[in-house]
S.K.: 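Before I ask anything, let me first share the structure, which is written out below as structure tokens.
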Amino acid sequence: MIPDNSIPWSGKHAMEAYEQSHLYRLRHSAAHLMAQALTELYPGVKLAIGPPIENGFYYDVDPPEPIREEDLPRIEKRMKELAKLDMRIERKVAADRDEARRIILEETTLGQGEETALYKLQLLDAIPEGEEVSFFDQQRFTNGKLRRFIDLCRGPHIETTKDIKHFKLMSIAGASWRGDVKNKQLTRIYGTAFETQEELDAYLHMLEEAKKRDHRLLGRELSLFMFSPRVGPGLALWLPKGAVLRETMTDFLRKEQLKRGYDPVITPQIASIKLYEKSGHILTFKEKLFPFMEDEEKETYILKPMNCPFHIEIYQSQMRSYRDLPIRYAEFGTVHRYEQSGEVTGILRARGFTQDDAHLFVTPDQLQDEFIGVVELMQTVLRKLGLTDFRARVGTKDPASSKYVGHDDNWQAATEAITKACDAMGLDYFVSPGDAAFYGPKLDLIIKDALGRDWQMGTVQVDYNLPERFDLEYIGEDSKPHRPIMIHRAPFGSLERMIGLLTEQYAGAFPFWLSPVQIAILPIADRHVEAAEALSQRLKDTLFDSRPLRVQVDARRETLGKKIRDNQGQKVPYMLILGDRDIEEGTVGVRSREQGDLGAMTVDAFLGSLPA
RNA sequence: GCCGGCGUAGCUCAGUGGUAGAGCAGCUGUUUCGUAAACAGCAGGUCACCGGUUCGAAUCCGGUCGCCGGCUCCA
């Protein structure tokens with residue numbers, strides 16, 4: 001998390017408070033100021049939208065010539081000049097639509113040609129009839145020249161440009177007009193603004209600090225995973241330390257699932273395309289698939305992008321009775337999705353990843369309880385991982401969209417099951433219309449990474465569609481066939497994404513149970529190495545969380561200070577120092593990652609002090 | 001995929017048209033050391049790749065690949 005002292009990001013109320021704040025208005029006005037600078041520096045530039053956002057503001061523009069990063073300083077400079085003019089920012093309301101149109105065409109274009117109003121006119125058309133249309137106007141006559149900027153805008157703004165003092169333009173990106181890639185791509189310029197220089201500096205400093213927690217950096221420094229161009233983009237190689245961490249997490253969840261009546265299943269990496277034709281994924285998922293494979297008999301196979309159809313095949317392999325339900329098939333299933341080249345981000349967004357997947361086949365009567373059971377498991381997982389900074393989102397159907405499948409009463413039942421389960425669990429969630437899967441509503445956990453980006457982690461989805469497509473049945477008490485409901489769920493989401501996020505949350509200093517190396521033994525001199533190896537073996541024979549303790553002896557011929565420094569850098573939770581005194585007295589010198597030197601104690605005392 | 005940026009040793013980075021450098025890591029030797037970097041030496045690069053300009057290219061130009069920020073999409 002970026003510890004942003006200006007806006008606590010989590011929680012709906014915090015966001016609402018931000019939108020009411022002076023800072024929010026300041027940033028909005030900074031966006032306008034930037035637009036004014038752009039109209040002066042790039043005559044004919046077409047302006048689109050320029051809102052304040054969580055950590056600053058942006059403006060989307062369509063410039064007559066490309067804007068590059070090296071242009072930002074002179075845009076900033078022009079903004080500073082303009083700000084000093086002390087232009088009053090005045091709100092004006094158009095009397096009617098015709099006047100609004102006239103203002104856009106005659107005034108906001110500032111004599112640069114009506115075509116510069118292209119996007120503003122479209123925005124005007126999107127404002128519902130009868131709603132007030134307002135403009136914000138800032139101007140100053142200076143040195144025989146009128147400097148003016150007027151923009152179609154809902155506001156609110158601050159009163160004068162001279163209060164826009166502490167800002168910085170951050171970056172340039174392409175952004176589609178109205179978020180649709182089929183539309184023209186505009187140039188988006190990001191900036192940030194604060195009330196004081198200290199806050200701006202603090203924010204920039206925080207960004208620098210956040211970069212140090214980037215999982216891609218720590219993944220390399222701690223030897224967790226790697227990528228190789230010879231393997232391919234987005235295809236991670238797990239190094240021994242990352243792999244053991246991952247196994248530890250998998251072990252933990254596997255046990256929790258066994259306790260809750262899940263049955264493990266294992267399915268192949270590829271399948272005939274027919275399977276995905278049947279599931280319908282071939283239509284909705286086509287552009288996400290790796291290129292197809294064809295065998296000598298001209299049968300087409302695809303690398304699996306998801307596990308559900310396989311689990312359905314297993315369900316369908318025999319007659320099911322209502323007495324068999326619920327059936328819970330669990331698989332740590334590795335899937336491959338051909339993510340667009342620009343969207344691959346370390347292990348947070350990879351092309352191959354492993355879902356902690358399971359599919360529950362339930363009767364309508366069981367839906368509610370099973371959903372609660374899944375939410376309970378997710379809470380257990382979050383607690384164990386020590387994650388508290390997350391948001392729970394209930395994705396429901398967007399009533400205006402036609403992309404969904406299934407009957408309305410099913411949707412309503414499923415949505416109710418989800419919200420009731422969340423209420424019953426006391427989960428603090430928000431409802432987000434339009435964020436449902438196309439086949440059903442879902443509950444997602446959203447977590448931010450070090451750079452403040454949202455990632456969807458764990459998910460629970462209610463599905464009426466696949467049972468329908470595969471014609472799934474169970475025989476009910478009435479001896480008649482009935483259709484089961486499926487729940488798709490993944491508490492971690494994917495091992496890759498969760499480990500990436502955990503790495504950033506903990507800045508690489510994983511809790512003891514997860515640390516790849518839990519204990520480093522540091523013999524002081526060569527003559528202590530033998531005792532160190534013996535101690536190492538003794539610890540490895542000790543179970544922690546029913547796994548052998550992970551111990552490493554640092555037998556390098558380095559000074560103790562050097563060994564401590566290196567193992568601290570590797571974020572090893574405990575170092576056990578072994579020298580003449582210890583061997584004589586039957587103790588070890590214990591040093592903790594967090595608290596430093598804890599003094600000498602017996603190995604038993606040390607083991608007894610380990611976190612439960 | 002699109003917009004913008006970056007690519008020099010395993011890592012972090014110097015090097016603006018004239019014989020490729022530093023620190024750390026690695027290896028060798030010396031040191032055997034009690035709580036955050038012992039000392040010395042050695043080795044290590046097709047300057048991402050391909051093409052062009054030039055007497056001469058890490059450096060200038062074009063293309064490709066990879067990575068980073070964003071858009072779109074997602075676990």
Side-chain angles (χ1 to χ4, degrees), chain A residues 58 60 63 66-72 170-190 207 211 214 216-217 220-221 226-230 232-234 285 287-288 305-306 333 335 337-357 435 437 444-447 451 453-459 461 488 490-498 500-501 522-529 557-569 575-582 588-592 596-600:
Chain A
Y58 68 79
D60 283 348
I67 301 178
R68 284 165 307 168
E69 219 138 276
E70 65 187 41
D71 300 320
L72 294 183
M170 306 294 286
S171 62
I172 294 186
S176 309
W177 170 234
R178 294 194 152 153
D180 189 336
V181 283
K182 290 194 284 282
N183 289 340
K184 167 131 192 169
Q185 185 164 51
L186 305 172
T187 301
R188 175 171 297 179
I189 305 179
Y190 282 97
L207 284 182
K211 281 185 194 156
D214 190 311
R216 289 164 297 198
L217 182 67
R220 187 173 57 226
E221 283 178 354
M226 60 171 277
F227 292 91
S228 162
R230 275 188 292 277
F285 232 75
E287 70 288 357
K288 289 269 184 180
M306 57 223 348
V335 296
R337 298 182 185 174
Y338 195 81
E339 303 293 347
Q340 294 190 65
S341 57
E343 16 183 57
V344 171
T345 304
I347 53 172
L348 291 181
R349 184 83 181 262
R351 281 183 171 166
F353 58 95
T354 301
Q355 299 176 309
D356 53 332
D357 211 357
D435 270 323
D444 296 319
L445 295 176
I446 316 286
I447 306 187
L451 295 175
R453 298 174 291 208
D454 278 339
W455 295 94
Q456 181 189 316
M457 311 301 291
T459 182
Q461 312 178 354
H488 308 240
F492 296 147
S494 78
L495 269 309
E496 283 77 4
R497 187 170 282 182
M498 184 54 89
L501 245 306
L522 316 186
I524 287 174
D526 286 352
R527 62 181 179 280
H528 309 124
V529 169
R557 301 182 72 178
E558 295 285 355
T559 58
L560 182 61
K562 171 73 166 166
K563 291 182 184 181
I564 289 172
R565 183 183 162 87
D566 289 348
N567 282 283
Q568 187 75 28
M575 293 175 233
L576 301 183
I577 291 147
L578 204 55
D580 289 333
R581 270 197 329 252
D582 300 292
V588 286
V590 178
R591 187 185 170 93
S592 114
D597 190 2
L598 299 179

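The structure presented is a predicted model; accordingly, all values stated were derived computationally and were not measured. Numbers restart at 1 for each chain; the letters A, B, ... are given by sequence-line order, proteins then strands.
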S.K.: Looking at Lys563(A) and Glu558(A), is there a salt bridge between them, counting it only when a charged N and a carboxylate O are closer than 4.0 Å?
M.R.: no

S.K.: Measuring only the C1' atom in each nucleotide, how far is rC50(B) from rC42(B)? A whole number of Å is fine.
M.R.: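 Here rC50(B) and rC42(B) have their C1' atoms 35 Å from each other.
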
S.K.: Taking atom P in both rG45(B) and rU35(B), compute the distance separating them and give it to the nearest angstrom.
M.R.: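 Roughly 40 Å separates the two P atoms.
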
S.K.: With rounding to the closest Å, how many angstrom separate the C1' atoms on rG56(B) and rG70(B)?
M.R.: 41 Å

S.K.: Does Asp582(A) contact rG34(B) through a side-chain donor or acceptor facing the base, at a distance under 3.5 Å?
M.R.: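 Yes, the side chain and the base share a sub-3.5 Å donor-acceptor pair.
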
S.K.: If I take atom CG in residue Leu560(A) and atom P in nucleotide rG34(B), what distance separates them, rounded to the nearest angstrom?
M.R.: 8 Å

S.K.: With rounding to whole Å, what would you report as the distance between rG21(B) and rA14(B) at their C1' atoms?
M.R.: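 Roughly 7 Å separates the two C1' atoms.
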
S.K.: Rounded to the nearest angstrom, tell me the gap between atom CG in Asp566(A) and atom P in rC11(B).
M.R.: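 Result: 18 Å.
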
S.K.: Verify side-chain contact (heavy atoms from CB on, under 4.5 Å) between Lys288(A) and Tyr338(A), making sure each step is shown before the conclusion.
M.R.: CA-CA 5 Å; Lys288(A) 289 269 184 180; Tyr338(A) 195 81; 5.6 Å; no

S.K.: How is Arg591(A) classified with respect to the nucleic acid when contacts are heavy atoms under 4.0 Å: base, sugar-phosphate, or nothing?
M.R.: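 It contacts base atoms.
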
S.K.: How about Ser176(A) and Asn183(A): does a side-chain donor come under 3.5 Å of a side-chain acceptor?
M.R.: no

S.K.: Using every non-hydrogen atom in the two residues, find where Ser592(A) and Leu598(A) come nearest and quote the distance to one decimal.
M.R.: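 Residues Ser592(A) and Leu598(A), closest heavy atoms: CB-CD1, 3.9 Å.
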
S.K.: Using a strict threshold of under 4.0 Å (side-chain N to carboxylate O), is an ion pair present between Asp60(A) and Arg188(A)?
M.R.: yes

S.K.: What does nucleotides 65-75 of chain B look like as a protein-contact string, B for base, S for sugar-phosphate only, - for none, at under 4.0 angstrom between heavy atoms?
M.R.: -SSSBBBBBBB

S.K.: Consider the side chain of Ile524(A), meaning its heavy atoms from C-beta on, and name the nucleotide among rG34(B), rG4(B), rU12(B) that approaches it most closely.
M.R.: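 The closest nucleotide is rG34(B).
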
S.K.: What's the CD1-P distance between Ile189(A) and rG5(B), to the nearest Å?
M.R.: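 Those two atoms, CD1 and P, are 13 Å apart.
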
S.K.: rG26(B) and rG69(B): how far apart are their C1' atoms, nearest whole angstrom?
M.R.: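 Each nucleotide's C1' atom is 34 Å from the other's.
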
S.K.: Expressed in angstrom and rounded to an integer, what is the separation of Asp60(A) atom CG from rG4(B) atom C1'?
M.R.: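 After rounding, the gap between these two atoms is 14 Å.
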
S.K.: Taking the P atom in each of rC60(B) and rC67(B), what is the distance between them to the nearest angstrom?
M.R.: 24 Å

S.K.: Indicate whether OP1 or OP2 belonging to rA38(B) is found under 4.0 Å from a side-chain N or O atom of Lys563(A).
M.R.: no

S.K.: Please compare Ala525(A) and Val590(A) by the position of their nearest nucleotide in RNA chain B and report the one closer to 5'.
M.R.: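 Nearest nucleotide further toward 5': that of Ala525(A).
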
S.K.: Side chain of Glu69(A), heavy atoms from C-beta onward: which of rG5(B), rA37(B), rA36(B) has the nearest atom to it?
M.R.: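 Nearest to the side-chain atoms of Glu69(A), counting from C-beta on, is rG5(B).
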
S.K.: Would you please say whether a donor-acceptor pair under 3.5 Å links the side chains of Asp580(A) and His528(A)?
M.R.: yes

S.K.: Using atom CD of Glu558(A) as one end and atom P of rG34(B) as the other, report the distance to the nearest whole Å.
M.R.: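 To the nearest whole Å, that distance equals 15 Å.
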
S.K.: Please state how far atom CG in Leu72(A) lies from atom C1' in rC3(B), giving the value in whole angstrom units.
M.R.: 13 Å

S.K.: If the C1' atom of rG23(B) is compared with that of rG34(B), how far apart are they to the nearest Å?
M.R.: 29 Å

S.K.: Should Asp180(A) and Arg178(A) count as an ion pair when the cut-off is N to O under 4.0 Å?
M.R.: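 Salt bridge: no.
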
S.K.: Write down the distance between CZ (Arg527(A)) and C1' (rG34(B)), rounded to a whole number of angstrom.
M.R.: 11 Å

S.K.: Could you go through Trp455(A) and Thr345(A), starting from their C-alpha distance and side-chain angles, then the distance that decides it, and tell me whether this counts as side-chain contact (heavy atoms from CB on, under 4.5 Å)?
M.R.: CA-CA 11 Å; Trp455(A) 295 94; Thr345(A) 304; 4.1 Å; yes

S.K.: Mind checking if Asp444(A) touches a base, just sugar-phosphate, or nothing, with heavy atoms under 4.0 Å?
M.R.: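 If one applies the 4.0 Å heavy-atom cut-off, Asp444(A) turns out to touch nothing in the nucleic acid.
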
S.K.: Report the distance from atom CZ of Arg216(A) to atom CD of Glu221(A), rounding to the nearest 0.5 Å.
M.R.: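 Answer rounded to 0.5 Å: 13.0 Å.
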
S.K.: Can you measure Arg220(A) atom CZ to rA25(B) atom P for me and round it to whole angstrom units?
M.R.: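 Distance check: Arg220(A) CZ to rA25(B) P gives 17 Å.
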
S.K.: Tell me yes or no: between the side chains of Thr459(A) and Gln461(A), is some donor less than 3.5 Å from an acceptor?
M.R.: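 The answer is yes; a qualifying pair exists.
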
S.K.: Dot-bracket for RNA chain B, please. Rules: Watson-Crick or G-U, both distances under 3.5 Å, ( ) within the strand, [ ] when a pair crosses earlier ones, | for another strand, . otherwise.
M.R.: (((((((..((((....[..)))).(((((.......))))).....(((((..]....))))))))))))....

S.K.: What integer number of Å spans the P atoms of rG63(B) and rC6(B)?
M.R.: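 Those two atoms are separated by 15 Å.
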
S.K.: Whether Arg68(A) and Glu70(A) form a salt bridge (side-chain N of Lys/Arg under 4.0 Å from carboxylate O of Asp/Glu) is what I want to check.
M.R.: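 A salt bridge is present here (some side-chain N lies under 4.0 Å from a carboxylate O).
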
